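Side chains are part of it too, since the values below use all heavy atoms of this structure and drop only hydrogens, waters and symmetry mates. Please read these numbers as outputs of a predicted model, since none were measured by experiment. Note on naming: letters A, B, ... go to the chains in the order of the sequence lines (proteins, then strands), and numbering restarts at 1 for each one.
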Amino acid sequence: MIVRTRVAPSPTGDPHVGTAYVALVNYCFAKQHGGRFLLRIEDTDRTRSTAASEAVILEALHWLGLAWDEGPDIGGPHGPYRQSERLEIYARYARELLENGAAFRCFCTPERLDAMRAEQIRNKRPPAYDGRCLPLTQEEIAANEAAGIPPVVRLRVPREGSVTIDDLLRGPIHFDWNNVDMQVLVKSDGWPTYHLANVVDDHLMEITHVMRGEEWLSSAPKHWLLYRAFGWQMPQIAHLPLLRNADKSKLSKRKNPTGILFYRRMGYLPEALANFLGLFSVPPLDGEEMMDLAAMVERFDLKHISLGGPVFDVKKLDWLNGRYLREKLDVKAFVERVRVWAGGEDVIDRIAALAQQRIERLSDLGPLCAFLFAGRVEITADQLRAGKLDDESLRKAFVLALAIFDALPEWEFDAIAAGVARIAEIVGAKVRDVVRPFYVAVTGSPQSLPLYDSMVLLGRDLVRERLRVALERLGGATGAETERWKKLLEADAAA
RNA sequence: GGCGCCAUAGUCUAUCGGUUAGGACGCGGCCCUUUCAAGGCUGAGAGACGGGUUCGACUCCCGUUGGCGCUACCA
């Protein structure tokens, strides 16, 4: 039997270092066993998935050197590798589940479900589907459908008994069925949810080993039920620990840069990042922690993955990256890396065009443009506060900026400008007053190259990080504040 | 709250019942050196707690505590 593994990211945002970690593990495992590693795009969330995100994910994983043998861009014998292109397949299997009784149609409205959960929580019961549509007769189902009520398909879960999942890393794990919810498998628009699509695809793509994030552990019983209902053998399964922030919470972009491309833009080498991530699953040989992909493939061992969620320690990454920079590159190769990192001639031209109008001596160039070649920028709260906005408006502006910029489909001048205008409107200030603190946050100075151009050149990842740091300088925003201000955004969007 | 996972220094880890608990990042000191890095040497620093099992527990079992995840027509 040939080993086949996969990484299955969802194109709903920036490629996450956690995805890189999971991909690396799957890659090493497959390659070590002479198997195949595939990439599958799980874009069954129609509202959040974007083609742009998918493209960036592919780019990021390529950059890291994790080449897949089958995938949406290169095809393969088990395609298509994009779930949105496999809808007929899921529909067919959903029908099969309906026919053999492993699943049922549910006509409950979202309002009814919300009320049900609220009631359960009020009564201190765990929220779960109550089985209302379970006993529906053929006639009732037909009547509902005739009435035009779109059904969802739910997984039928036994109300008693239990199941044991064998995790490669954790051993047998016990679940009582009465703690497993009757998940939706097919949404009312006919699209599958993760659970159905994932199981169907892993089987059809002949995946032998599923190594995924720990967040999926409690879904494993549902998947077990599906494999059984189809009469398929369940792949071997392992749940990898989640990467953490310094405070041990799940790595999140509120507290850290989490995008793979942020690290590229910051000037980390892909081999260093991959090496760093590999340290969580590959034991160093004779104390030497530096190793390339080939060495990691050779020495990889599931048994060496420690289950405590590792903190993403940027300091150690810095050290490793420094070693790659000075030990693995001769001056020529180093310069070439710098060239690629800086963006090449084209970028230099664009920067020069902006700077030319603003200098009196060529030697002014360095100080004026330095922020474009820096990672973070030194700023103080006082510099941020120098304008007309009060503290709350200031923090609000940064929270809104973070949210708006994250949501932009394309990172380009007009979209950024429109975003800033929106912020000014919501905060109730003039654009010029809102823009000033952004200058400080992004360029490190109140007068600099034009803001929007600078932001385009800097890239979304670096801008986000600088805004995040600025917000932090101002004392940050509480969860409640963030939520409240984002609501303003929704209200504004609705208006 | 319910269910599940996890638990060696600040951080990443080694140890698979018997070790002075090893290494790395970070931190301190010393050396090298025109400065700073880099490099070399070196120092401080760990088995969450309580019960068992055992001749002997970091290692096995139970409990406590703590952290994390899930608890959606998101993945």
Side-chain angles (χ1 to χ4, degrees), chain A residues 8-13 16 18-19 41-49 53 83 106-110 112-114 117 120-129 150-154 162 165 167 169-171 173-198 212-222 239-252 276-290 303-323 325-327:
Chain A
S10 174
T12 53
H16 196 275
T19 303
I41 294 295
E42 307 221 325
D43 55 351
T44 55
D45 184 340
R46 284 167 91 181
T47 58
R48 293 197 307 148
S49 297
S53 172
Q83 293 187 325
C106 169
F107 295 91
C108 297
T109 63
R112 204 231 127 203
L113 295 172
D114 285 345
R117 286 190 200 101
Q120 288 163 335
I121 290 167
R122 207 173 318 121
N123 296 328
K124 305 233 191 281
R125 303 285 307 157
Y129 184 66
V152 301
V153 175
R154 278 182 192 276
S162 62
I165 302 293
D167 186 288
L169 257 23
R170 300 153 202 266
I173 303 168
H174 214 75
F175 294 91
D176 287 334
W177 286 127
N178 60 31
N179 290 318
V180 178
D181 199 8
M182 299 197 202
Q183 269 290 332
V184 170
L185 300 175
V186 180
K187 309 171 202 176
S188 56
D189 62 4
W191 285 52
T193 60
Y194 169 86
H195 304 283
L196 210 218
N198 175 266
R212 66 205 330 181
E214 188 184 340
E215 59 208 314
W216 295 110
L217 189 48
S218 42
S219 293
K222 297 164 196 168
H239 291 92
L240 274 16
L242 264 17
L243 268 27
R244 309 287 183 89
N245 297 307
D247 64 3
K248 290 279 189 181
S249 58
K250 172 171 144 178
L251 194 63
S252 67
F276 174 70
L277 258 10
L279 253 18
F280 300 136
S281 54
V282 182
L285 187 66
D286 296 326
E288 177 51 271
E289 297 185 288
M290 199 178 207
K303 284 202 290 289
H304 278 97
I305 297 181
S306 31
L307 298 175
V311 171
F312 192 92
D313 182 6
V314 186
K315 287 304 231 182
K316 185 143 186 175
L317 208 209
D318 288 342
W319 165 78
L320 239 196
N321 198 61
R323 283 194 61 189
L325 248 21
R326 72 183 92 90
E327 294 176 27

Spacing of the P atoms in B/C55 and B/G23 (rounded, Å):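 Nearest-Å result for B/G23 against B/C55 at atom P: 33 Å.
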
B/A44 and B/G39, which share atom name P, separated by this distance in whole Å: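 About 22 Å, rounded to a whole number of Å.
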
Pairing nucleotide - B/G50, Watson-Crick or G-U, each distance under 3.5 Å: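 Because both required distances fall under 3.5 Å, B/G50 counts as paired with B/C62.
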
Base partner of B/A21, which must satisfy Watson-Crick or wobble distances under 3.5 Å: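 Checking every strand shown, B/A21 finds no partner, since no pair has both distances under 3.5 Å.
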
Of the listed nucleotides ([options]), which one gets closest to any side-chain atom of [X]?
X      : options             : result
A/E215 : B/C6, B/C73, B/A75  : B/A75
A/K316 : B/A24, B/A75, B/A14 : B/A24
A/R170 : B/A75, B/C5, B/C73  : B/C5
A/K248 : B/C25, B/G67, B/A75 : B/G67
A/S218 : B/G23, B/C70, B/C73 : B/C70
A/K250 : B/C25, B/C68, B/A75 : B/C68
A/V311 : B/C68, B/U11, B/A75 : B/U11

Rounded distance in Å - [atom1] ([X]) to [atom2] ([N]):
X      : N     : atom1 : atom2 : value
A/W216 : B/C68 : CH2   : P     : 20 Å
A/N178 : B/C3  : CG    : P     : 10 Å
A/I121 : B/U71 : CD1   : P     : 13 Å
A/H304 : B/G22 : NE2   : C1'   : 14 Å
A/E214 : B/A75 : CD    : P     : 20 Å
A/L307 : B/G69 : CG    : P     : 16 Å

Residue mapping more 5' on RNA chain B - nearest nucleotide basis, A/R125 or A/G287: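 The 5'-side residue here is A/R125.
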
Any donor-acceptor pair under 3.5 Å from A/E42 side chain to A/Y194 backbone: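 It does not hold such a pair.
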
Close side-chain approach of A/E327 and A/M290, heavy atoms under 4.5 Å: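 With C-beta onward as the side chain, the pair touches.
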
Strictly below 4.0 Å: does [X] bring a side-chain N or O up to OP1 or OP2 of [N]?
X      : N     : value
A/R323 : B/C25 : no
A/R154 : B/C73 : yes
A/T12  : B/C74 : no
A/R48  : B/A72 : no

By salt bridge (Lys or Arg N to Asp or Glu O under 4.0 Å) - contacts of A/R125 (at least two apart):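 If we apply the salt bridge (Lys or Arg N to Asp or Glu O under 4.0 Å) test to A/R125, skipping adjacent residues, there are no hits.
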
Contacts of A/D318 that satisfy side-chain contact (heavy atoms from CB on, under 4.5 Å) - sequence neighbours left out: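 Counting only residues at least two positions away or on another chain, A/D318 forms a side-chain contact (heavy atoms from CB on, under 4.5 Å) with A/Y268, A/V314, A/K315.
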
